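The structure appears right after this line, and notes come after that.
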Amino acid sequence: MNTTAKILTFDSGLGGLTVHAEILRACPGADHVYVADDAAFPYGHLGEEALVDRVMALMGELIAAHRPNIVVIACNTASTLVLPHLRAAWPQLPFVGTVPAVKPAAEQSHTHLISVLATPGTVARDYTRDLVRAYAAHCEVTLVGSQHLATLAEAYMRGEMVDDLQVAAEIMPCFVERDGQRTDHVVLACTHYPLLLDAFRQLAPWSVDWVDPAPAIARRVQHVLGEHSFSFAHHERMREGFAHFTSGAPIPFALTNALRARHLAPAG
Ligand code: DGL
């Protein structure tokens, strides 16, 4: 009998829930722990050194407390910077990251105009620029560093009103027209953004493919767990996981419901 996998999914806030939902679908028989470092949110505005220090220190505590079999960094802003440090510090523990899905967008684009919508941190990373050079040299790639979208997504999940005009202003730079062609793919390169996808679709000046890497990340998690012979697929009933918040702030009713819908209970 294989050991049941314990999966720790980590983000600066609630964005990682978009990845957790796909992992839950792919690995319903695993134990799930979700951690939001909301005390340090938003990561997209932190300097690189501060972000490395923050994630490394916190991850040490989380690994000791939860003893996961795999860690999913469900945050582009952290993954594009911290993954090599994490893998060097814990070589026996598999880490799965979330990085901008530039390659599939560039492969699927017909107009060769693609945009990457991300935090200011992610668009500034060497890692992101290397991805563009390696996989999208045949495309014109517009990197859009959004100042407010992650915060707007947090507000939405907490049941607060989100202003459509503000959302529209954040996504508008993704839409480019050149020589009669238009952007046809927008990479959602921050895990918070799929939480606002309905609004994006409504507010977009024309229809595009929004590329969300979460299903691919879930497949990667399945693959890595399989390689390590952990069990994750079979279940009699979906286990309830736990969601931890580093700030310890009270959790509004709307958020408790959003967590429950994803089989997570707020940890006391
Ligand atoms: N969810 C995170 C990401 O994927 C970023 C949000 C933040 O700025 O903290 O990049």
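These numbers come from the heavy atoms of this one structure, side chains and all, not from hydrogens, waters or symmetry mates. As the structure is a prediction and not an experimental result, all values here were calculated from the model. Order of listing sets the numbers, starting from 1, for every ligand and every atom in it. Note that the numbering runs from 1 along the sequence shown for the chain.
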Name each donor-acceptor pair under 3.5 Å that joins a side chain in residues 95-108 to protein atoms two or more places apart or in another chain, with its distance.
{"residue": "Thr98", "atom": "OG1", "partner": "Ile73", "partner atom": "O", "Å": "2.8"}

Would you say the ring centers of His20 and His263 fall short of 6.0 Å from each other?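 That pair fails the under 6.0 Å test.
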
Would you confirm whether the ring centroid of His112 sits within less than 6.0 angstrom of the ring centroid of His138?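 Yes, the ring of His138 comes within the 6.0 Å limit of the ring of His112, centre to centre.
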
Okay, side chain of Thr9, backbone of Val72: is any donor-acceptor separation there less than 3.5 Å?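 A pair under 3.5 Å: no.
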
How would you list, by chain and number, the residues with a heavy atom under 4.0 angstrom from ligand 1?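 Heavy-atom contacts below 4.0 Å: Asp11, Ser12, Phe41, Pro42, Tyr43, Gly44, Cys75, Asn76, Thr77, Thr119, Ala150, Cys190, Thr191, His192.
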
Excluding sequence neighbours, so at least two apart, what forms side-chain hydrogen bond (donor to acceptor under 3.5 Å, both in side chains) with Arg220?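 With sequence neighbours excluded, Arg220 shows a side-chain hydrogen bond (donor to acceptor under 3.5 Å, both in side chains) to no residue whatsoever.
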
Could you tabulate the donor-acceptor pairs under 3.5 Å formed by side-chain atoms of residues 206-219, not counting sequence neighbours?
{"residue": "Trp206", "atom": "NE1", "partner": "Thr183", "partner atom": "O", "Å": "2.8"}
{"residue": "Asp209", "atom": "OD2", "partner": "His185", "partner atom": "NE2", "Å": "3.2"}
{"residue": "Asp212", "atom": "OD1", "partner": "Ala214", "partner atom": "N", "Å": "3.0"}

